[in-house]
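This report refers to the structure that appears directly beneath it.
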Amino acid sequence: MKIRILKNARLFTPVPSGMKDILIVGEKIVSIEKNISWIPGGAETTDLQGKTVTPGLIDQHIHITGAGGKQGYHSMTPDTSVEDLISCGTTTVLGLLGTDGVARSLNGLYAKVRALELEGVSAYMLTSYFGLPPLTFTGSVLNDMVLIDKVLGCKIAISDPRSSFPTENELLKILREVHVGGLTSGKGGILHVHLGAMETGMSLLLDMVKKHKFPIQHISPTHVGRTKPLFEEAIEFAKLGGIIDISTGGTKYDEPYKQVLYALDQGVPVEQMTFSSDGNAGMAKKNKDGEVIGFYKAPIDLNLANMRSLVSDAGLPLEQAITLITSNPARNLSLKHKGRLENGCDADLCVFEDDLSLCDVMARGAWAMKDKKILFQNAFST
Ligand SMILES: [Zn+2]
């Protein structure tokens, strides 16, 4: 098993922890100490010379098999490569389907999750898609949660003309399956809810919590920054104890980092917010009159860019800004070994220069990027 020692890391676990050495055996962090002087034979030692080290980044909403198709078959977006993920520090990804449950399938999604794992990152998925009845592997969301190892929860859409307009009762029943499936499998379990721009907003989700007292940790609203009124409801949801997911690559009414600053100002703790890219979602290209003139895929690198803006433009401490893409999504997804740099956690980490440019990435104990050169490759890139 490969043994690696990283010396002189300015460590954010994400808690600022000063200058530390990190001992990594195989895929795991085994020890973090001020000075590891005993170097086992055969160990690879890397002196990080005081560079900033954070947990590897988690993106909990990427269409890893592609999405889109809003303007016909030729507008379906391509899949994500491991190189794309590593280039923006993403070492853990949650893949999911979008509107399309016909030309895109759960089987294809599962195979892509497995492929990304073989290529070196950590990958998980949600079952189902936008609509009802739920799209599943085994006939039910509950069975998928219990029997399919990579399934961490379920996807659904509300307040969107492309949704199936689930009723209160239908939503409660799926939430119950995610909750019970999470209990049985020990996964936690979330219902990841795509929010459209319709005026009904998040009222159904707020009812789940306020009226039905459903445990809020299983409800995971995303695209909450699509419109200002929706974001106001999301702030209410976060104040009830929920975690709200702000999309950096999809449609939004304002810069995502400014949405975070506004929510902080309104009294939402930073722990209650996450960024996700909505990467590879199909986006409409519009001219200045708002007419659709083409399409493009949502970028996957804007989580990192918005985290940087929070630190450099807004002055938020790195240890807070980084939680939106490390420890917070890990908590949302109940991934106990991800999102933190502690003994026993997976050795996923990012190394930054002082200007927060990314120079090295480690995923599951292996160097995925070194000196800004991407080392992980998909099987077809050579
Ligand atoms: Zn999406």
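First listed ligand is number 1; within each ligand, the first listed atom is number 1.
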Report all side-chain donor-acceptor pairs from residues 192-204 shorter than 3.5 Å, counting only partners two or more places apart or in another chain.
{"from": "H192", "atom 1": "ND1", "to": "S220", "atom 2": "O", "distance (Å)": "3.3"}
{"from": "H192", "atom 1": "ND1", "to": "S220", "atom 2": "OG", "distance (Å)": "3.0"}
{"from": "H192", "atom 1": "NE2", "to": "H61", "atom 2": "ND1", "distance (Å)": "2.9"}
{"from": "H194", "atom 1": "ND1", "to": "H223", "atom 2": "NE2", "distance (Å)": "3.2"}
{"from": "H194", "atom 1": "NE2", "to": "D160", "atom 2": "OD2", "distance (Å)": "2.9"}
{"from": "T200", "atom 1": "OG1", "to": "S159", "atom 2": "OG", "distance (Å)": "2.8"}
{"from": "S203", "atom 1": "OG", "to": "T200", "atom 2": "O", "distance (Å)": "2.8"}

Describe, in one word, how the ring planes of H179 and H218 are oriented to each other, choosing from parallel (under 30°), tilted (30 to 60°) and perpendicular (over 60°).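 The arrangement is tilted - the two ring planes meet at 30° to 60°.
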On the 0 to 90° scale, with breaks at 30° and 60°, tag the H74-F295 ring pair as parallel, tilted or perpendicular.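 It falls in the perpendicular class, over 60°.
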Not counting sequence neighbours, list each pair that qualifies as a salt bridge (Lys or Arg N to Asp or Glu O under 4.0 Å) and has a residue in residues 92-110.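 Matches after skipping sequence neighbours: none remain.
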Protein N, O or S atoms under 2.8 Å from the Zn ion (ligand 1):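 Considering protein N, O and S only, the Zn ion (ligand 1) has 3 within range.
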Is V270 reachable from I322 through a run of hydrophobic residues whose side-chain heavy atoms are each under 4.5 Å from the next?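 In one cluster with I322: V270, yes.
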Which donor-acceptor pairs under 3.5 Å do the side chains of residues 120-127 make with protein atoms, sequence neighbours left out?
{"from": "S122", "atom 1": "OG", "to": "K338", "atom 2": "NZ", "distance (Å)": "2.6"}
{"from": "T127", "atom 1": "OG1", "to": "L135", "atom 2": "O", "distance (Å)": "3.4"}
{"from": "T127", "atom 1": "OG1", "to": "D144", "atom 2": "OD2", "distance (Å)": "2.6"}

